[in-house]
2 protein chains.
Amino acid sequence: MSKSNNVYKDAFNRCLRLLDETKSLPSEPELGTLLGVSRTTVRSILARMEETGLIDWNKRNKTVLRAPRSEDFFPEEETDSLAEIIERSFMRRLLAGGAEAGMQINELELAREIGVGTTSVREFLIRFSRFGLIEKRRNSHWVLKGFTRAFALELTEIREIFELRSAAAFAALPEDSAVWADLDRLELEHRQLASEIATRFNEFSELDERFHRLIHRASHNRFIVDFYDVIAMIFHYHYQWNKAEERQRNEVAIQEHLAYIAALKSRDPGKVDAACRKHLKSARQTLLTSIPEGRQMQPA
Amino acid sequence: MSKSNNVYKDAFNRCLRLLDETKSLPSEPELGTLLGVSRTTVRSILARMEETGLIDWNKRNKTVLRAPRSEDFFPEEETDSLAEIIERSFMRRLLAGGAEAGMQINELELAREIGVGTTSVREFLIRFSRFGLIEKRRNSHWVLKGFTRAFALELTEIREIFELRSAAAFAALPEDSAVWADLDRLELEHRQLASEIATRFNEFSELDERFHRLIHRASHNRFIVDFYDVIAMIFHYHYQWNKAEERQRNEVAIQEHLAYIAALKSRDPGKVDAACRKHLKSARQTLLTSIPEGRQMQPA
DNA sequence: GTAATGTCTTTTATCGGGAAAAAACAATTT
DNA sequence: AAATTGTTTTTTCCCGATAAAAGACATTAC
């Protein structure tokens with residue numbers, strides 16, 4: 001068992017959803033771009049769809065025969081990549097307590113516990129190391145540095161430096177830049193979310209990330225853009241474990257974003273700086289309150 | 001052939017150099033710490049030293065019998081770790097022309113060319129990716145982003161932000177902090193190097209790194225400290241390919257460092273800022289002049 | 001009784017192999 | 001002739017296995 005076919009399964013599931021909308025599927029290369037996979041995978045998908053009577057496939061003709069049923073889908077858990085599985089397991093262990101700073105991380109043990117090979121775990125740890133939470137001892141184990149208050153403060157310090165710069169660069173972008181349309185679209189989405197906050201408050205997290213990434217991109221600096229990966233990772237898990245007052249926090253954040261957007265549109269550097277600072281300050285506060293002083297983070 | 005014993009060979013060579021200085025070697029654990037290896041490796045070293053008649057080894061007694069000869073040493077090239085070998089090969093390819101931005105990187109081909117397994121190459125690429133020079137296409141190849149002028153500008157932009165902050169933090173450190181002694185020591189080394197610049201100018205690179213790392217550490221921010229790895233890597237290779245006017249450049253840099261050190265010692269924020277800016281500006285200039293406009297970097 | 005040595009166990013670093021997925025090439029179809 | 005399908009080759013992803021190196025435990029020496 002050398003490689004799971006999760007790419008195929010995930011693409012298959014996504015392709016099933018396309019079936020609802022059309023009477024026939026497009027060409028193989030087109031489907032490939034649509035699903036983000038190679039033609040090889042597309043053909044496997046089509047083959048199975050034909051087998052299970054979902055479509056009639058004859059060269060260029062891919063006629064939809066019936067709507068997909070829930071049994072047609074592959075189980076969700078089989079569509080995740082190994083890297084995702086390992087990350088989730090690792091973060092769960094990290095946040096599920098007992099993860100003291102200084103603790104050593106054992107590749108073999110992790111691999112056995114998750115049920116994967118050591119190579120995948122090693123690759124994950126190397127990739128994960130750039131988040132600043134673990135550190136490698138040469139020829140030896142990894143050391144957990146811990147999800148501490150110090151970590152959160154160091155993270156937000158850089159975030160603030162970078163975002164203030166990016167926001168300033170954003171506001172200085174020429175009138176005809178495409179970003180202004182992107183910003184308008186995001187503003188609209190914010191307003192829609194604000195009006196349905198009671199039911200959709202948990203959709204904020206994803207909108208938040210798109211908004212900040214748009215701003216950071218204005219820096220035109222790959223190190224600033226890449227650094228947002230660290231923030232996104234932390235906030236991703238932060239949102240998962242800290243559900244306390246989630247709705248209210250998100251409501252406040254949306255309003256801050258709207259003020260921030262207005263400031264950007266005004267293109268007044270002073271206003272941009274003020275709105276950005278205000279939002280970053282409350283974001284930092286939110287993160288910090290979820291880390292008890294002098295202890296490790298714990299799930300809510 | 002699963003793992004080379006370069007750790008042993010490298011430690012053995014370093015241990016040989018200790019033989020010149022003493023009549024007998026210390027205990028195994030002590031040797032281990034001294035050489036940065038485990039006792040297992042220390043014992044392999046001692047075993048070979050006894051075999052080749054370098055020492056007489058009987059439990060606690062490790063008497064030196066003769067001075068090491070050049071044949072006793074393992075060849076230099078056998079002491080490098082695989083990661084170092086791969087990095088060097090990769091950077092040579094990158095700098096040896098023909099490395100256009102957008103080019104795709106083939107793991108298998110690289111592995112075959114260097115003569116190592118794909119796993120090691122994969123791990124190297126993952127580790128290397130944080131330098132911002134390559135990018136991964138999911139389930140597919142890596143893409144070379146190129147050693148371009150844009151890269152150098154993005155890199156130096158962050159460097160300047162971080163170093164100005166770190167320098168300010170450094171100057172604000174309390175009188176009794178240990179860093180002031182470190183700084184004094186570095187100042188002395190700078191003066192010594194300056195006085196023998198004609199013969200030792202190529203030693204500057206290493207001193208430069210230690211100096212800047214000391215300053216960055218004052219930020220107490222792991223992201224700032226870690227970012228210096230990117231700078232160090234780039235400058236390391238930069239120094240290797242751009243030998244033009246090396247002596248003069250280093251002479252100027254040493255003087256800038258001395259002025260920078262004096263500013264830090266004055267603890268006057270204005271002076272620190274000015275000295276830091278001046279040095280960073282010329283460092284950026286040096287880097288930029290080695291990258292021809294609109295083209296890839298080429299070795300000198 | 002502390003610290004060293006001797007011995008045994010575990011973990012890391014690395015390889016080769018094999019299935020999944022991508023990519024390249026050839027043959028059709030419109 | 002441009003795009004699509006059919007076929008073959010190459011590459012990526014991941015595992016299990018193995019030697020090097022680290023680490024743990026037992027024994028001995030001072």
Side-chain angles (χ1 to χ4, degrees), chain A residues 1-11 26-32 35-47 57-62 81-83 85-86 104-112 115-126 136-142, chain B residues 1-11 26-32 35-47 57-62 81-83 85-86 104-112 115-126 136-142:
Chain A
M1 190 235 314
S2 45
K3 193 182 182 181
S4 93
N5 55 353
N6 69 81
V7 173
Y8 155 70
K9 287 179 177 172
D10 180 55
S27 76
E28 295 171 12
E30 208 170 323
L31 261 176
L35 298 169
V37 295
S38 74
R39 249 188 76 219
T40 309
T41 305
V42 167
R43 287 171 69 85
S44 309
I45 292 170
L46 292 173
W57 182 25
N58 191 303
K59 314 232 160 148
R60 283 159 205 243
N61 280 53
K62 302 159 195 96
S81 76
L82 241 204
I85 294 169
I86 296 174
Q104 66 187 62
I105 297 161
N106 188 318
E107 289 177 4
L108 204 58
E109 190 189 312
L110 252 181
R112 274 193 296 245
V116 298
T118 47
T119 313
S120 317
V121 170
R122 280 174 68 80
E123 287 181 6
F124 164 75
L125 291 171
I126 295 170
K136 176 95 178 120
R137 292 286 141 83
R138 205 181 117 91
N139 271 311
S140 180
H141 53 260
W142 290 84
Chain B
M1 192 231 318
S2 44
K3 193 183 183 182
S4 91
N5 54 353
N6 70 83
V7 172
Y8 155 70
K9 288 177 177 173
D10 181 54
S27 77
E28 295 173 12
E30 207 169 323
L31 261 177
L35 298 168
V37 296
S38 74
R39 248 188 76 219
T40 308
T41 305
V42 167
R43 287 172 68 86
S44 310
I45 292 171
L46 292 173
W57 182 24
N58 190 304
K59 314 235 161 143
R60 279 154 209 249
N61 279 53
K62 305 166 194 90
S81 77
L82 241 204
I85 293 168
I86 296 174
Q104 67 187 61
I105 296 162
N106 188 319
E107 288 176 7
L108 205 58
E109 191 189 313
L110 254 180
R112 272 194 296 247
V116 299
T118 48
T119 313
S120 317
V121 170
R122 280 175 67 79
E123 288 181 7
F124 164 74
L125 291 171
I126 296 170
K136 175 97 179 118
R137 292 287 141 82
R138 206 181 116 92
N139 270 311
S140 181
H141 54 260
W142 290 83

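Just so we're on the same page: letters track the sequence lines, and every chain starts at 1.
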Checklist line | Contact letters for nucleotides 23-30 of chain D, in which S counts primed atoms plus P, OP1 and OP2 and B counts the base, heavy atoms under 4.0 Å | finding: BB----B-
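- Between the CH2 atom of Trp142(B) and the P atom of dT10(D) there is a distance of 24 Å, rounded to whole Å.
- When the side-chain nitrogen and oxygen atoms of Lys136(B) are compared with OP1 and OP2 of dC13(D), one or more of them lie within a distance under 4.0 Å.
- Residue Arg138(B) is classed as having no contact, given no heavy-atom separation below 4.0 Å to the nucleic acid.
- The residue Lys9(B) sits apart from the nucleic acid: no heavy atom pair falls under 4.0 Å.
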With the criterion being N/O to N/O and under 3.5 Å, what pairs connect the protein with nucleotides 16-19 of chain C, and how long is each?
| unit_1 | atom_1 | unit_2 | atom_2 | d |
| --- | --- | --- | --- | --- |
| dA19(C) | O4' | Ser2(A) | OG | 2.7 |

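- Among the protein residues, Ser4(A) comes within range of the sugar-phosphate backbone only, with heavy atoms under 4.0 Å from sugar or phosphate atoms but none that close to a base.
- Judged purely by atom type and a 3.5 angstrom limit, Asn5(B) has no side-chain atom pairing as donor or acceptor with the backbone of Tyr8(B).
- Checking side-chain atoms of Asn58(B) against main-chain N and O of Asn61(B) turns up no donor-acceptor pair under 3.5 Å.
- Distance CG (Leu31(B)) to C1' (dT5(C)): 13 Å, rounded to an integer number of Å.
- Distance Leu82(A) CG to dA20(C) P: 14 Å, rounded to the nearest Å.
- For the side chain to side chain contact (heavy atoms under 4.5 Å, CB included) with Val37(B), the lone residue among Leu31(B), Asp10(B), Val7(B) that qualifies is Val7(B).
- Of all non-hydrogen atoms in Val121(A) and Glu107(A), the two that sit nearest each other are CG1-O, 3.9 Å.
- Using a 4.5 Å heavy-atom threshold, the side chains of Ser120(A) and Ile86(A) count as touching.
- The distance between atom CD of Glu107(A) and atom P of dG16(D), rounded to the nearest whole Å, is 15 Å.
- A close approach under 4.0 Å does not occur between any side-chain nitrogen or oxygen of Arg43(A) and OP1 or OP2 of dT5(D).
- The interatomic distance linking Glu109(B) (CD) with dT12(D) (C1') rounds to 14 Å, in whole Å.
- One atom, CG of Asp10(B), and another, P of dA21(D), lie 10 Å apart when rounded to the nearest Å.
- Residues Arg39(B) and Pro29(B) are in side-chain contact: their nearest non-hydrogen atoms beyond the backbone lie under 4.5 Å apart.
- When all heavy atoms are compared, the tightest approach of Ile45(B) to Ala11(B) is CD1-CB, 3.6 Å.
- Considering only side-chain N and O atoms, Asn139(B) lies nowhere under 4.0 angstrom from the phosphate OP1 or OP2 of dT12(D).
- Ranked by how close their nearest DNA chain C nucleotide is to the 5' end, Tyr8(A) and Glu123(B) are led by Glu123(B).
- Trp57(A) has its CH2 atom 9 Å from the C1' atom of dT5(D), to the nearest Å.
- A close approach under 4.0 Å does not occur between any side-chain nitrogen or oxygen of Asn6(B) and OP1 or OP2 of dA13(C).
- Each of dA22(D), dT5(C), dT12(D) was ranked by its minimum atom distance to the side chain of Leu108(B); first place goes to dT12(D).
- Ile105(A) comes within 4.0 angstrom of the backbone, heavy atoms only, and of no base.
- For Lys62(A) (side chain) and Leu46(A) (main-chain N/O), no donor-acceptor pair under 3.5 Å exists by modelled atom type.
- Rounded to whole Å, the distance from CG on Leu46(B) to P on dG6(C) is 10 Å.
- Residue Asn6(B) comes nearest to Ser81(B) through the heavy atom pair OD1-CA, 3.7 Å, listed as atom of the first residue, atom of the second, then distance.
- Residue Arg137(A) is classed as having no contact, given no heavy-atom separation below 4.0 Å to the nucleic acid.
- Each of Ser120(A) and Val7(B) lies near DNA chain D, and the nucleotide nearest Ser120(A) is the one positioned closer to the 5' end.
- For the pair Ile126(A)/Trp142(A), a side-chain contact is recorded, criterion being any heavy-atom separation below 4.5 Å from C-beta on.
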